[in-house]
There are 4 protein chains.
Amino acid sequence: MTDSSVTTESHTQERILEAAKLVFAEKGYHAARVSDIVEQAGVAQGTFYLYFKSKQAIFTSLVDTFFSQLLEEALSAAPIEAVTSPEQMLQQVHNVWRIILRHFRDDRSLAYLILREARCIGPEFEERIQAYYQQAVGWLADYASKGAKLGLVRPLDPQLAAWAVLGMFERTVYQLVVLEGRDDIELMADQLLELELRGLMADGAKGG
Amino acid sequence: MTDSSVTTESHTQERILEAAKLVFAEKGYHAARVSDIVEQAGVAQGTFYLYFKSKQAIFTSLVDTFFSQLLEEALSAAPIEAVTSPEQMLQQVHNVWRIILRHFRDDRSLAYLILREARCIGPEFEERIQAYYQQAVGWLADYASKGAKLGLVRPLDPQLAAWAVLGMFERTVYQLVVLEGRDDIELMADQLLELELRGLMADGAKGG
Amino acid sequence: MTDSSVTTESHTQERILEAAKLVFAEKGYHAARVSDIVEQAGVAQGTFYLYFKSKQAIFTSLVDTFFSQLLEEALSAAPIEAVTSPEQMLQQVHNVWRIILRHFRDDRSLAYLILREARCIGPEFEERIQAYYQQAVGWLADYASKGAKLGLVRPLDPQLAAWAVLGMFERTVYQLVVLEGRDDIELMADQLLELELRGLMADGAKGG
Amino acid sequence: MTDSSVTTESHTQERILEAAKLVFAEKGYHAARVSDIVEQAGVAQGTFYLYFKSKQAIFTSLVDTFFSQLLEEALSAAPIEAVTSPEQMLQQVHNVWRIILRHFRDDRSLAYLILREARCIGPEFEERIQAYYQQAVGWLADYASKGAKLGLVRPLDPQLAAWAVLGMFERTVYQLVVLEGRDDIELMADQLLELELRGLMADGAKGG
DNA sequence: TATGAATGAGGTTTCATTCAT
DNA sequence: GATGAATGAAACCTCATTCAT
């Protein structure tokens with residue numbers, strides 16, 4: 001009403017989402033009570049259910065927002081069809097690493113939450129997350145194939161390699177978030193890129 | 001009872017542990033009820049508490065067993081002081097990969113459980129798991145240092161590299177377990193080793 | 001609004017009453033939510049409370065209207081003081097049956113609602129309904145007394161007989177409404193009158 | 001354990017059932033809280049759910065017991081194939097009236113409850129009750145047919161007549177229970193039988 | 001050692017009602 | 001008069017844990 005917000009989310013909904021993020025991150029999904037969330041948000045118990053069907057619904061909402069934004073940012077920065085040279089490819093991959101690491105750093109509590117709890121909310125939820133991951137894996141696998149054609153990436157099982165890269169990333173970022181230190185994102189991106197590339201690279205390739 | 005078992009675990013305790021493993025793996029820690037476990041074990045509700053202080057205690061017990069066995073097996077197969085040549089080192093690392101993958105394959109339901117739920121039982125529990133992982137990371141980091149001295153591994157942040165390798169492993173094994181296919185452990189070990197080594201290896205090294 | 005309505009009810013109040021009737025009839029008093037009613041009426045949640053003090057109040061209002069109209073119609077058609085002959089009495093009773101059955105048929109959803117839920121809203125409400133019934137029973141009892149004097153009705157406990165007749169009616173109409181068939185009101189009135197007056201017995205039978 | 005009870009119901013279950021009967025009768029189904037029942041029974045909240053799946057389940061259990069006992073008693077006292085003479089039929093019908101009235105009197109709070117709330121618990125429940133009533137109606141209709149063959153009952157719509165008789169009964173018993181007086185069951189049975197058989201009319205009256 | 005009935009705290013969710021705009 | 005977002009009191013039900021036998 002008073003501001004020209006571009007989102008349709010109400011002030012209250014926003015506050016509940018923010019509160020949920022904090023509470024979930026601090027206590028974990030299962031230990032977090034809806035009453036914790038509403039207390040943190042400063043609204044009444046019933047208000048929560050005006051905006052979210054259930055505890056799981058708000059969690060899903062948070063996760064969906066996080067991943068769709070992340071995937072949009074990351075994938076739009078790396079249009080595979082624009083890659084024609086090894087240098088371009090390296091540039092893109094490096095860039096994607098930076099974007100992802102920043103995204104996780106900028107929404108640290110949500111990142112922490114997702115990395116910690118994605119697999120143990122329930123079966124349906126796990127599948128939902130798995131679907132997001134599969135998108136990333138698909139992109140990575142496509143990238144690897146493209147790289148192989150350019151002679152940059154050596155031939156290997158692209159799915160396995162993609163999941164390995166993703167896992168490498170998952171764990172390092174988790175540590176990053178847990179330790180709450182390391183704001184040297186750029187350096188970390190460099191090192192992960194090195195690990196990834198040298199792992200994937202063809203013998204003759206002169207990358208880096 | 002009748003035989004001179006080398007363990008101190010009673011038959012009943014054994015059955016409860018086995019039942020818990022199955023039930024936890026199938027439903028997850030939070031969804032699993034103690035009543036599910038005792039039903040699966042074929043004992044009464046109260047019997048559970050003769051052997052385990054709480055639901056979390058039995059979970060901890062399962063996880064402790066799993067990790068201490070794994071670490072013992074894996075680390076004893078790779079005494080870092082015995083490494084004097086690059087060939088030996090490769091041999092050891094390859095061996096360790098195989099041991100680990102086999103361990104996870106041989107106790108699939110427990111492996112699945114740990115990979116899925118380790119981080120979301122509770123803070124104390126998370127720290128416990130983190131401690132096991134830290135042992136592995138320490139070993140990996142030591143190895144990397146040793147490798148660096150041998151000119152086999154290029155200089156990099158050993159902690160970061162170690163966590164990255166561990167994450168690579170975590171995720172690929174999780175997929176392995178989830179998909180329930182891929183019994184080609186040996187092949188997988190080869191590929192992971194390749195990814196790891198080429199990622200970590202020094203430029204001039206002639207590994208593999 | 002535009003016409004000179006004789007009632008004082010506003011258009012909005014009318015719509016809420018109509019909506020409530022439908023919703024209550026479909027879901028029953030307890031399952032019906034105020035939010036269902038306002039949705040059906042197409043007004044806002046708060047508007048409801050401009051016209052009715054509570055959920056029970058609107059229910060009471062509906063029931064009061066139904067019963068006062070019914071009693072007025074029925075009783076005015078049967079002035080007991082006008083009865084001087086058996087023929088007149090039969091005529092009146094027959095007429096009353098028809099009026100009542102028509103009233104229930106013409107407001108089927110409200111009728112259904114009352115027959116189903118009148119006794120289980122709450123104690124105060126039950127007493128209210130009981131009072132309406134008592135009016136009918138009083139009339140029936142008076143009628144029976146009069147009939148007895150005319151030698152038309154045999155001597156019996158007039159209260160018991162009155163409640164019995166009322167129950168006979170209640171249940172048959174309920175079935176009528178439930179089954180949603182039987183628009184043959186006239187025939188039904190005939191049969192009920194027969195049952196009331198003559199019972200089940202055949203003319204020649206020497207029972208008792 | 002200590003007594004040679006013929007039922008399999010535990011002492012606790014028995015107490016909960018008894019408590020539920022009282023609480024439901026006093027407050028009605030909807031106003032009765034499970035916590036009221038357990039308080040009345042002197043057991044803990046959770047104990048309730050050891051024996052009954054839900055609040056509706058215990059209600060259903062009470063009602064089922066009531067009706068199956070009633071129907072068994074009543075129907076076994078009136079084997080229609082044994083009827084060969086009008087006298088026998090009257091005898092049987094009279095007997096059935098007495099049995100039913102006694103059953104309701106002997107379990108007054110449950111009777112009250114059923115007569116008050118049978119239709120407003122929920123659709124499934126209503127159908128369940130309706131099924132019991134249909135049994136009674138079927139019996140009554142069969143009886144009427146048989147009576148017609150014996151020349152005792154005049155030809156009429158047997159379903160309508162049966163529901164009418166049932167309603168007559170329902171309402172009079174309800175009044176009986178509500179008023180908490182009238183222990184003169186025998187007299188009441190006589191009068192209801194009279195009404196059922198002969199209606200209101202005097203012997204000499206030439207109605208219609 | 002084994003049983004299993006009993007416990008009771010506590011969480012999620014619903015919905016009649018209010019009130020500032 | 002009309003709105004609809006906000007309220008908050010309950011109520012049902014679960015399940016880890018205990019304890020008398």
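Values in this document were obtained by computation on a predicted structure and should not be read as measured data.
Look at NZ on D:Lys27: it is 12 Å from P on F:dA10, rounded to the nearest Å. Distance A:Phe59 CZ to E:dT12 C1': 17 Å, rounded to the nearest Å. Taking atom CD1 of C:Ile58 as the reference point, atom P of E:dT17 lies 12 Å away to the nearest angstrom. Going from atom CG of B:Leu50 over to atom P of E:dG4 covers 13 Å, rounded to whole Å. Rounded to an integer number of Å, the gap from CD of B:Gln45 to C1' of F:dC19 is 13 Å. Computed from coordinates, the B:His30 NE2 to E:dT12 C1' distance equals 16 Å when rounded to whole Å. Separating the CZ atom of A:Arg15 from the P atom of F:dA5 is a distance of 16 Å, rounded to the nearest angstrom. Atom CD of A:Glu14 is separated from atom C1' of F:dA5 by 17 Å (rounded to the nearest Å).
Residues B:Ser54 and D:Gln56 both approach DNA chain F. Their nearest nucleotides, taken by heavy-atom distance, put D:Gln56 toward the 5′ side. Between B:Ala44 and D:Ala44, the one whose closest nucleotide on DNA chain E sits nearer the 5' end is B:Ala44. Toward the 5′ end of DNA chain F lies the nearest nucleotide of A:Gly46, the other residue of the pair B:Phe48 and A:Gly46 mapping further downstream. Along DNA chain E, the nucleotide closest to A:Lys55 and the one closest to B:Val43 are compared, and the more 5′ of them pairs with B:Val43.
Counting only residues at least two apart or in different chains, salt bridge (Lys or Arg N to Asp or Glu O under 4.0 Å) contacts with residues 32-51 of chain D comprise D:Lys27-D:Asp36, D:Arg33-D:Asp36.
Of the candidate nucleotides E:dT13, E:dT3, F:dC12, E:dT3 has the atom nearest to the side chain of B:Thr47. Distances were taken from every side-chain heavy atom of D:Tyr49 (C-beta onward) to each of F:dC13, F:dA2, E:dA16; the shortest belongs to F:dC13.
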Quiz item: Could you spell out the base pairing of DNA chain F in dot-bracket, with Watson-Crick or G-U pairs whose two distances are under 3.5 Å, [ ] crossing and | to another strand?
Solution: .||||||||||||||||||||
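Judged by distance alone, with hydrogens and angles left aside, the side-chain atoms of D:Ser68 form a donor-acceptor pair with the main-chain N or O of D:Asp64 at under 3.5 Å. A:Lys21 places no side-chain N or O within 3.5 Å of a backbone atom of A:Phe59 that could act as its donor or acceptor partner. Put simply, the side chain of D:Arg119 never gets that close to the backbone of C:Ala118: no donor and acceptor are under 3.5 Å apart.
Residue A:Phe52 is classed as having no contact, given no heavy-atom separation below 4.0 Å to the nucleic acid.
Remark: nothing in residues 32-42 of chain B comes within less than 4.0 Å of DNA chain E through any heavy atom.
At a threshold of 4.0 Å, the pair C:Arg15-C:Glu18 does not count as salt-bridged, since none of the basic side-chain nitrogens sits closer than that to a carboxylate oxygen.
Within the structure, every side-chain polar atom (N or O) of D:Thr12 is placed at least 4.0 Å from both OP1 and OP2 of E:dA5. Between A:Tyr51 and F:dA6 there is a side-chain N or O to OP1 or OP2 distance below 4.0 Å.
Counting all heavy atoms, side chain and backbone alike, A:Phe52 lies closest to A:Ser61 at CE2-OG, 4.1 Å.
Taking the six-membered ring for Trp and the full ring otherwise, the centers of C:Phe104 and C:Tyr112 sit at least 6.0 Å from each other.
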Exercise. In sequence, state the C-alpha distance, the side-chain angles, and the governing distance for A:Cys120 and A:Phe125, and then conclude on side chain to side chain contact (heavy atoms under 4.5 Å, CB included).
Key: CA-CA 8 Å; A:Cys120 62; A:Phe125 193 80; over 6 Å; no
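Residues C:Gln56 and C:Ile121 have side chains in contact (heavy-atom distance under 4.5 Å, counting atoms from C-beta outward).
Ring orientation note: the planes of D:His30 and C:His30 are close to parallel, at an angle under 30° on the 30°/60° scale.
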